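From a predicted model like this one, the values you see are computed outputs, not experimental measurements.
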Amino acid sequence: MRAKLPGASCYVHSKDCSYPSKTYCMDDTELQLFIRQEIDTRGTHDVIFSWQDCELTPERLIFFKSVIELQKKFSQDKKIINTLPINGTLLDDSWCEFFKENQFLISVEVDVDIQPVDKLHNEISVKSTNHIVEKTVRLLQQHDLEFQTVTVIDAINSQQPLQVYHYLRNLGSRHMLFIPFLKPLERGGFEAQSLSPTALGIFLKTIFYTWIRLDIGTIKIPFFEHTFAAWCGLFVPNCVYAPSDDSNQATATAMQEIIANQRVEQSQTTRLEECTRCKVEFACHGGCARESIALSQCADPQLNYFCEGYKAFFTYVEPYMLMMRALWEQSYAPSDIRQYLA
């Protein structure tokens, strides 16, 4: 079993992460030590455990029951939050009842496949590449379980952002996480299906235009909500590399914490000169360090690969963010912006 260290949610879909200390495997003894240390060392009331690599087998159910017992034993009256991604293949009522009883937050990966159905008229249909997902969502809904959908955005499905959005909306997703696909090749360049910076910007802007007019307040899209938080000067990190104090970082060992901090300092130093001149740096903080592979103006390969897309998006949403911030400062709900938009 693998556990992702709490405190960060990553937005880049890549198996070749340059920060592998986020996850590690453990046996029963290490599990007990891990749970106790994580609860003891967290300076906040909420303690988040993000579990990975889980097949919903009977053995795994026994494992998670042990996890819950250990968490209750060492909780110190703190609020324990467990998150778990599932593929839904073996999901059944017993698992749903367990998730419901212990308030697990479930993530369902939804692969949205864009298929041309009429080349003459260039019409597009959106369908899931895995129909088990729809069955999984129905079962979660029957048990009134909160879940989020995780969708990887690539060079293909990014061409039809509204079809992707409405598919997820009709599926019943009320919490959508979009992850840009980026996979460098050993010989240079990127895999053909990797998302381009321009495509990312267009995708985000198109969905935002619809979301803020129809679904703000009812559908959560973390990237949009974190953008609003940035405009309000609030601390809502979407990545371990966002500015924070040490109390908000969780690592497995003191050595991992030292290494992580060194990497943060290095990434912040290499991007400082160019990024500090950018008017939207406060919103992205230079982005994830693993994306810092594009050429900067100084010809150094340290600029965030998606910089152009992020900059286009943040520039586009600025008027909306300022209006939402004004509402928030006057004690109105930011979602009230809908009544002022055509």
Side-chain angles (χ1 to χ4, degrees), residues 4 8-14 48 50 81 83-88 99 104-114 124-141 144-182 195 199-230 236-239 283-284 288 306 309-310 313-314 316-317 320-321 324 334-335 337-338:
K4 180 178 180 182
S9 65
C10 178
Y11 289 87
V12 181
H13 187 70
S14 173
I48 303 175
S50 298
I81 302 172
T83 69
L84 179 70
I86 64 173
N87 58 27
F99 291 148
F104 269 62
L105 301 180
I106 304 300
S107 297
V108 181
E109 184 167 346
V110 182
D111 294 325
V112 181
D113 185 22
I114 304 296
I124 299 291
S125 68
V126 180
K127 66 177 182 180
S128 172
T129 58
N130 188 356
H131 295 291
I132 296 176
V133 169
E134 297 177 8
K135 180 181 178 181
T136 298
V137 169
R138 288 195 297 269
L139 190 55
L140 293 172
Q141 291 172 331
D144 194 27
L145 272 164
E146 182 179 353
F147 67 93
Q148 74 169 358
T149 54
V150 181
T151 303
V152 176
I153 304 303
D154 56 33
I156 300 175
N157 59 18
S158 64
Q159 298 177 29
Q160 299 295 332
L162 290 184
Q163 282 83 341
V164 172
Y165 180 72
H166 287 301
Y167 174 81
L168 295 172
R169 190 172 185 262
N170 294 335
L171 183 66
S173 176
R174 294 300 175 263
H175 191 132
M176 303 177 187
L177 182 62
F178 297 108
I179 303 178
F181 179 78
L182 177 63
L195 187 65
L200 174 63
I202 294 174
F203 180 88
L204 292 173
K205 289 189 294 183
T206 304
I207 287 185
F208 181 86
Y209 180 90
T210 297
W211 171 79
I212 201 169
R213 286 166 171 77
L214 298 179
D215 298 318
I216 184 175
T218 59
I219 292 180
K220 296 182 179 180
I221 300 180
F223 189 79
F224 296 166
E225 295 183 347
H226 292 179
T227 299
F228 173 65
V236 185
N238 63 353
C239 176
C284 76
C288 177
F306 291 114
Y310 288 141
F313 171 75
F314 291 135
Y316 171 78
V317 302
Y320 298 98
M321 294 299 152
M324 291 166 62
S335 58
I337 190 175
R338 284 182 300 184

| said: Holding to side-chain hydrogen bond (donor to acceptor under 3.5 Å, both in side chains), I want the full list of residues that pass it with Thr149, two or more places apart in sequence or in another chain. | reply: Ser173
| request: Could you go through the side-chain contact (heavy atoms from CB on, under 4.5 Å) check for Thr227 and Val317 one step at a time? | output: CA-CA 9 Å; Thr227 299; Val317 302; 4.1 Å; yes
| task | List in chain and number order the residues that pass side chain to side chain contact (heavy atoms under 4.5 Å, CB included) with Leu162, two or more places apart in sequence or in another chain; answer none if no residue qualifies. | result | His166, Thr206, Thr210
| task | Verify side-chain contact (heavy atoms from CB on, under 4.5 Å) between Val108 and Val150, making sure each step is shown before the conclusion. | result | CA-CA 6 Å; Val108 181; Val150 181; over 6 Å; no
| request: Look up atom CG in Leu84 and atom CG in Leu105, then write down how far apart they are to the nearest 0.5 Å. | output: 10.0 Å
| task | Please round to the nearest 0.5 Å and tell me the distance separating atom CE of Met176 and atom CD of Gln148. | result | 11.5 Å
| Test log, rule side-chain contact (heavy atoms from CB on, under 4.5 Å), inputs Thr83 and Phe104 | CA-CA 6 Å; Thr83 69; Phe104 269 62; over 6 Å; no
| Taking the side chain as C-beta and beyond, is there a heavy-atom pair between Leu139 and Thr136 under 4.5 Å? | no
| query | Which one of Arg174, Arg338, Arg169 satisfies the salt bridge (Lys or Arg N to Asp or Glu O under 4.0 Å) criterion with Asp215? | reply | Arg169
| note | All heavy atoms of Ser158 vs all of Ala199, minimum pair found to be OG-CB, 3.9 Å
| message | Counting C-beta onward and ignoring hydrogens, is there a side-chain heavy-atom pair between Phe147 and Gln141 closer than 4.5 Å? | response | yes
| said: To the nearest 0.5 Å, what is the distance between CD1 on Ile221 and CZ on Phe228? | reply: 15.0 Å
| said: Using side-chain heavy atoms (C-beta onward) and a distance below 4.5 Å, is Leu171 in contact with Val110? | reply: yes
| field | Student check: side-chain heavy atoms of Ile179 and Thr151 closer than 4.5 Å | value | no
| task | Could you check Asp154 against Leu195 for side-chain contact (heavy atoms from CB on, under 4.5 Å), going step by step and ending with a plain yes or no? | result | CA-CA 5 Å; Asp154 56 33; Leu195 187 65; 5.5 Å; no
| query | Under 4.5 Å between any side-chain heavy atoms of His175 and Pro222, yes or no? | reply | yes
| task | Report yes if some heavy atom in the side chain of Trp211 is under 4.5 Å from a heavy atom in the side chain of Ile219; otherwise report no. | result | yes
| message | Applying the ring pair (Phe, Tyr, Trp, His ring centres under 6.0 Å) criterion to Phe313, which one of Phe306, Phe178, Tyr209, Phe224 satisfies it? | response | Phe224
| Does Leu200 reach the side chain of Tyr310, with side-chain heavy atoms less than 4.5 Å apart? | yes
| Just wondering, do Val133 and Asp111 contact through their side chains at under 4.5 Å, heavy atoms? | no
| said: I need the Ile207 CD1 to Ile202 CD1 distance, nearest 0.5 Å. | reply: 12.5 Å
| remark: The reported gap from CZ in Phe203 to CD in Gln160 (rounded to nearest 0.5 angstrom) is 10.5 Å
| query | How many angstroms lie between OH in Tyr320 and CD1 in Ile212, if you round to the nearest 0.5 Å? | reply | 6.5 Å
